[in-house]
Undergrad: 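Structure provided below as structure tokens; questions to follow.
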Amino acid sequence: MISMSFQFDSMADFLAMSGHGVYVWTAYGITVLVLVVLAFRPLLKQRRFLSIQREQNRAQNNDRDSNRIDDGATK
Amino acid sequence: MWQSILKFIQKWFHRFGSPRWFYQTTGKWLPYLAVISVGLLVLGSIWGLGFAPQDARQGNSYRIIFIHVPISVLAMIGYYVMAAAGAVALIWKIKIANMVMVSAAPLGAALTFLALLTGSIWGKPTWGTYWVWDARITSMLILFFLYLGVIALNQAFTSRDTAYKACAILSLVGTVNIPIIYKSVDWWYTLHQPATIKLTGASSIHPDMLKPLIVMILGFYCFYALVLMLNTRTEILAREWRSSWVRGLSQ
């Protein structure tokens with residue numbers, strides 16, 4: 001079994017990382033930010049695509065409906 | 001017998017090459033892959049940041065290794081993924097391969113950027129400088145520009161086929177850079193340290209540090225696969241919007 005213990009005495013100690021905190025947390029922070037953008041960018045793109053398509057479908061259906069009414073009027 | 005095997009491969013290739021099949025199959029995998037990659041990355045980060053022992057020489061700044069190494073490895077492997085997809089697309093004219101290729105480019109560029117950035121931040125407390133024109137770092141910078149080149153080429157042509165072909169050729173030509181990056185720490189022994197984990201021979205890292213690193217590497221592999229699939233799916237929608245199955249998606 002792996003024996004593991006928390007390497008720091010306190011939360012403040014953990015954040016400070018004995019003087020290297022700025023470097024470590026900046027590196028992790030920016031990485032998390034970029035990973036979140038990478039994962040959500042395609043999801044947003046997909047959602048936008050589907051909503052545009054839905055609108056186009058609706059517009060097309062409306063066109064077809066209004067054509068039908070026109071046909072009825074001319075007859 | 002051989003013929004039936006060949007036929008099977010051909011059928012599989014054909015099915016896998018179909019954007020519709022890819023879209024529907026990966027759709028089922030995505031939730032699992034997302035849970036696994038987030039789980040591994042969170043576990044590995046907590047382990048690496050809080051529980052792995054301090055490094056005798058570098059103190060706590062070394063904890064950047066748990067993101068820097070997996071990201072750098074995937075930045076390089078991602079280039080092979082892009083180039084291999086480009087080769088498949090050029091040789092067998094498989095649509096989905098082109099889509100995978102252009103989906104790998106922004107992902108690879110982001111990872112290369114992160115590799116350079118985390119390395120640079122790590123360099124300050126360790127080497128005393130954010131940047132040096134070391135062989136490893138310079139060849140990684142070239143990798144970043146190669147990815148940017150593929151992204152730019154993909155948007156530079158009005159013809160889709162020409163754009164895909166140009167991207168595939170640049171991807172393939174650029175592969176010459178990957179072994180240079182890989183061997184740079186041995187060929188030019190400058191500032192960047194040699195590989196910590198070796199497939200053959202003993203690794204130069206303490207087992208208590210290696211375990212969380214392996215968790216992070218696995219997590220990043222899953223994350224890479226996840227984002228590559230997500231990107232490919234949006235590329236499929238953008239290119240196949242005329243087909244009836246895509247039109248049916250929003251209904």
Side-chain angles (χ1 to χ4, degrees), chain A residues 1-69 71, chain B residues 30 34 37-38 41 45-54 58-64 66-68 71 103 106-107 110-111 113-114 117-126 207-208 211-212 220 223-224 226-238 241 246-251:
Chain A
M1 192 55 211
I2 317 153
S3 68
M4 276 200 302
S5 57
F6 194 56
Q7 299 292 309
F8 302 92
D9 296 331
S10 65
M11 207 57 206
D13 200 25
F14 181 49
L15 290 178
M17 294 236 159
S18 47
H20 289 149
V22 180
Y23 305 109
V24 175
W25 293 114
T26 311
Y28 274 77
I30 297 174
T31 300
V32 169
L33 202 75
V34 172
L35 295 191
V36 167
V37 170
L38 277 177
F40 283 91
R41 198 184 62 128
L43 291 175
L44 290 176
K45 257 190 186 173
Q46 179 165 348
R47 181 183 278 187
R48 209 181 311 137
F49 175 88
L50 290 177
S51 76
I52 289 171
Q53 201 189 41
R54 206 168 294 133
E55 243 159 65
Q56 280 172 343
N57 280 345
R58 204 174 297 140
Q60 256 176 0
N61 289 342
N62 286 345
D63 272 4
R64 218 179 296 143
D65 290 349
S66 59
N67 281 340
R68 219 173 282 147
I69 292 163
D71 286 353
Chain B
L30 290 177
S37 48
V38 170
L41 290 178
S45 296
I46 294 173
W47 195 346
L49 282 170
F51 293 87
Q54 244 189 55
Q58 298 187 12
N60 283 316
S61 69
Y62 99 94
R63 295 185 193 278
I64 294 175
F66 300 113
I67 46 176
H68 178 73
I71 287 173
S103 301
L107 176 55
L111 290 175
F113 167 77
L114 277 181
L117 188 95
T118 54
S120 160
I121 293 173
W122 191 4
K124 187 62 185 169
T126 315
D208 284 350
K211 283 169 209 152
F220 270 103
F223 182 83
Y224 182 88
L226 175 72
V227 176
L228 186 63
M229 283 178 195
L230 287 173
N231 283 351
T232 308
R233 286 159 63 85
T234 56
E235 178 74 11
I236 288 173
L237 293 184
W241 61 275
V246 173
R247 281 164 180 266
L249 282 177
S250 59
Q251 278 161 0

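Side-chain atoms are counted along with the backbone in the values below, which use heavy atoms only and exclude waters and symmetry mates. Note on naming: letters A, B, ... go to the chains in the order of the sequence lines (proteins, then strands), and numbering restarts at 1 for each one.
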Undergrad: Please identify, among B:Ile46, B:Leu249, B:Val227, B:Leu237, the residue contributing the most non-hydrogen atom pairs under 4.5 Å to chain A.
TA: B:Leu237
Undergrad: If you count heavy-atom pairs under 4.5 Å between each of B:Ala238, B:Pro53, B:Ala110 and chain A, which one has the most?
TA: B:Pro53
Undergrad: So for A:Gln60, is it side chain, backbone, both, or neither that comes closer than 4.5 Å to the heavy atoms of chain B?
TA: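 Side chain only.
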Undergrad: Taking CZ in A:Phe40 as the centre, count heavy atoms belonging to other residues, nucleotides or ligands within less than 6.0 Å. Is the count above 12?
TA: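 Not buried by this count: 12 neighbours or fewer within 6.0 Å.
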Undergrad: Look at A:Gln46, A:Gln56, A:Gln7 and state which one has the largest set of heavy-atom pairs under 4.5 Å with chain B.
TA: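 Most heavy-atom pairs under 4.5 Å with chain B: A:Gln7.
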Undergrad: Against chain A, label B:Leu117 side chain, backbone, both or neither, depending on which of its atoms sit under 4.5 Å from a heavy atom there.
TA: side chain
Undergrad: Considering only heavy atoms, which portion of B:Arg233 lies under 4.5 Å from any heavy atom of chain A: side chain, backbone, both, or neither?
TA: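 The side chain, not the backbone.
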Undergrad: Please report the closest heavy-atom contact between B:Phe220 and A:Leu35, naming both atoms and the distance.
TA: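 Looking at all heavy atoms of both residues, the closest pair is CE2-CD1, 3.8 Å.
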Undergrad: Give the intermediate values and the outcome of side-chain hydrogen bond (donor to acceptor under 3.5 Å, both in side chains) for residues A:Asn61 and A:Arg58.
TA: CA-CA 5 Å; A:Asn61 289 342; A:Arg58 204 174 297 140; over 6 Å; no
Undergrad: I'd like to know which of B:Pro207, B:Ser103, B:Pro125 tops the heavy-atom pair count under 4.5 Å against chain A.
TA: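 Looking at each of B:Pro207, B:Ser103, B:Pro125 in turn, B:Pro125 comes out on top.
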Undergrad: What option among B:Thr232, B:Leu49, B:Thr118 has the most heavy-atom pairs under 4.5 Å with chain A?
TA: B:Leu49
Undergrad: Testing B:Ile67, B:Ile121, B:Leu111 for side-chain contact (heavy atoms from CB on, under 4.5 Å) with A:Thr31, which one passes?
TA: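 Of B:Ile67, B:Ile121, B:Leu111, side-chain contact (heavy atoms from CB on, under 4.5 Å) with A:Thr31 is met by B:Ile67 alone.
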Undergrad: Which heavy atom of B:Gln54 sits nearest a heavy atom of B:Asn60, and at what distance?
TA: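 Here B:Gln54 and B:Asn60 meet closest at CG-OD1, 3.0 Å.
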Undergrad: Could you check which of A:Pro42, A:Gly21, A:Ser18 has the highest count of heavy-atom pairs closer than 4.5 Å to chain B?
TA: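 The candidate making the most pairs under 4.5 Å is A:Pro42.
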Undergrad: Heavy-atom distance under 4.5 Å to chain A: side chain of B:Ile71, backbone, both or neither?
TA: side chain
Undergrad: Report which part of B:Tyr224 has an atom under 4.5 Å of a heavy atom belonging to chain A: side chain, backbone, both, or neither.
TA: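 For B:Tyr224, no heavy atom lies under 4.5 Å from chain A.
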Undergrad: Below 4.5 Å, heavy-atom pairs only: which of A:Val32, A:Val37, A:Ile30 has the largest tally toward chain B?
TA: A:Ile30
Undergrad: Select one option (side chain, backbone, both, neither) describing which atoms of B:Ala52 are under 4.5 Å from chain A's heavy atoms.
TA: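 For B:Ala52, backbone heavy atoms alone lie under 4.5 Å from chain A.
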Undergrad: Report which part of A:Tyr23 has an atom under 4.5 Å of a heavy atom belonging to chain B: side chain, backbone, both, or neither.
TA: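 Both backbone and side chain of A:Tyr23 come within 4.5 Å of chain B.
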Undergrad: Given the options A:Val22, A:Leu38, A:Leu43, which has more heavy-atom pairs under 4.5 Å with chain B than any of the others?
TA: A:Leu38
Undergrad: Is the side chain of B:Thr126 donor-acceptor paired with the backbone N or O of B:Gly123 at a distance under 3.5 Å, no angle test?
TA: no
Undergrad: Can you tell me which portion of B:Ile64 sits under 4.5 Å from chain A's heavy atoms? Options are side chain, backbone, both or neither.
TA: both
Undergrad: So what's closer than 4.5 Å to chain A heavy atoms on B:Gln58: side chain, backbone, both or neither?
TA: backbone
Undergrad: For B:Phe223, which atoms come within 4.5 Å of any heavy atom of chain A: side chain, backbone, both, or neither?
TA: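 For B:Phe223, the contact with chain A is made by the side chain alone.
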Undergrad: Can you give me the closest heavy-atom contact between A:Gln53 and B:Val246, atom names plus distance?
TA: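 Taking A:Gln53 first and B:Val246 second, the nearest heavy atoms are NE2-O, 3.1 Å.
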Undergrad: Please confirm whether the ring centroid of B:Phe66 lies under 6.0 Å from the ring centroid of A:Tyr28.
TA: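 No, the ring centres sit 6.0 Å or more apart.
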Undergrad: Determine the minimum heavy-atom distance between B:Trp47 and B:Pro212, stating which atoms define it.
TA: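 Closest heavy-atom pair between B:Trp47 and B:Pro212: CG-CB, 3.7 Å.
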Undergrad: Can you give me the closest heavy-atom contact between B:Arg63 and B:Gly48, atom names plus distance?
TA: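 Nearest heavy atoms, B:Arg63 then B:Gly48: NH1-O, 2.7 Å.
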Undergrad: Go through A:Ser5 and B:Phe51 one step at a time and tell me if the side chain to side chain contact (heavy atoms under 4.5 Å, CB included) criterion holds.
TA: CA-CA 6 Å; A:Ser5 57; B:Phe51 293 87; 5.6 Å; no
